[in-house]
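Just below is one structure, and these are the notes that go with it.
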Amino acid sequence: MTKTPMHIRLLSILLICLLVLAGCERRDKLGDGDAATEPYLNADELVYEDITVMVSTFADLKDKLGEPDEHGIVEEMTGSYYFYCYGDVEFASSSADSEIIASITITGKDSLPVARDIKIGDSFADTIAKFPEEQAYTESTDGIFYGVFWSEGAGGAVNTFEDEHGKMLKSISITTADIHPALKIVFDEEDKINRITIIGIPLN
């Protein structure tokens, strides 16, 4: 049997050590929320208070939570929609003609968390770490950090926008395999979550 030369064996051992060290450094950078191993967001994760967008109705909502604190119709230039509010959570239809819940918007700190224990007040860094990171969002022209562009299938992207006061804020949009349901997370000027919306159909 031919023996491997000593210098090749030493180089192999050195290479293995370097790879192990690199892996340890990567784990240290990612911390407890290892974004490299987090799975894609699944539609089954986007159920809130046993309510599923584009499936559950306002009747289902009342059976589950009772009478709302507030309800009514919002009329806008682009159309109107029906809403029920329970505390700081709004359940809304896509139009005033529909009894099906199309979106759920959470704005209160005392509200229940959504998928992956994401809640109002969480930081941007902690939130994005709960999803895969296949690339840095800053390296993509569309802000994509995993998956594909939002109109093509499952993926996650970071967007920046200017609010009514001229401040630049961030949001994270996460789509599932069939694009919707989707999750939109909006951050304030301190990079803390101040609004979370589970979306059943495309909404602005």
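Quantities reported herein were computed from a predicted structural model and do not represent experimental measurements.
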Co-membership, hydrophobic cluster, residues V55 and L61, 4.5 Å side-chain: no
S140 and F145, any side-chain heavy atoms less than 4.5 Å apart: no
Flag, side chain of S93 to backbone of S95, donor-acceptor distance under 3.5 Å: yes
K167/E162 salt bridge by N-O under 4.0 Å criterion: no
Cluster check I101, L65: I/L/V/M/F/W/Y, side chain < 4.5 angstrom: yes
Exercise: identify the closest heavy-atom pair between S123 and K192: CB-NZ, 3.9 Å
Closest contact, heavy atoms only, V89 versus S111: CG2-OG, 3.6 Å
Neighbour count >12 (heavy atoms, 6.0 Å) for atom CD, E75: no
Y137/I172 under side-chain contact (heavy atoms from CB on, under 4.5 Å): CA gap, chis, key distance, verdict: CA-CA 10 Å; Y137 74 88; I172 295 177; over 6 Å; no
4.5 Å side-chain heavy-atom contact, Q135 and I144: yes
Side-chain donor/acceptor of T57 to backbone N/O of D60, under 3.5 Å: yes
Least distance between heavy atoms, Y48 atom then I198 atom: CB-CD1, 4.0 Å
Lys/Arg cation over aromatic F187: K170, 6.0 Å, 45° cone: no
Side-chain heavy-atom pair I104, I51 within 4.5 angstrom cut-off: yes
Whether Y86 side chain and G66 backbone form a donor-acceptor pair below 3.5 Å: yes
E45/R116 ion pair, N-O < 4.0 Å: yes
Gap separating the NZ atom of K184 from the CZ atom of R195, nearest 0.5 angstrom: 7.0 Å
Exercise: identify the closest heavy-atom pair between N42 and D44: OD1-N, 2.8 Å
Nearest non-hydrogen partners of G153 and V148, listed with the distance: N-CG2, 3.6 Å
Straight-line distance of I120 CD1 to K109 NZ, nearest 0.5 Å: 9.0 Å
Test item: F83 and E70 side chains (from C-beta on) under 4.5 Å apart, heavy atoms: yes
Contact check, side chains of I199 and L183, non-hydrogen atoms, under 4.5 Å: no
Aromatic ring proximity, centroids under 6.0 angstrom, Y84 and F91: no
Single-linkage hydrophobic cluster V53~L112, side-chain heavy atoms < 4.5 angstrom: yes
Nearest heavy-atom neighbours spanning A102 and S94: CB-N, 3.6 Å
Interatomic distance, T197 atom OG1 to I185 atom CD1 [nearest 0.5 angstrom]: 9.5 Å
Full working for side-chain contact (heavy atoms from CB on, under 4.5 Å) between S171 and V186: CA-CA 4 Å; S171 69; V186 179; 4.2 Å; yes
Chi angles and distances behind the side-chain contact (heavy atoms from CB on, under 4.5 Å) call for I179, E152: CA-CA 7 Å; I179 302 177; E152 299 172 358; over 6 Å; no
Joint hydrophobic cluster, I106 plus Y81, side-chain heavy atoms closer than 4.5 Å: no
I118 with F124, same ILVMFWY side-chain cluster at under 4.5 Å: yes
Value rounded to 0.5 Å, distance of SG in C85 from CD in E90: 4.5 Å
D178, CG atom: more than 12 neighbouring heavy atoms under 6.0 Å: no
From CD1 (I128) to CD (E38), nearest 0.5 Å: 12.0 Å
M54 and H180, any side-chain heavy atoms less than 4.5 Å apart: no
Any donor-acceptor pair under 3.5 Å from T176 side chain to A182 backbone: no
L46/V114 under side-chain contact (heavy atoms from CB on, under 4.5 Å): CA gap, chis, key distance, verdict: CA-CA 7 Å; L46 295 179; V114 297; 5.8 Å; no
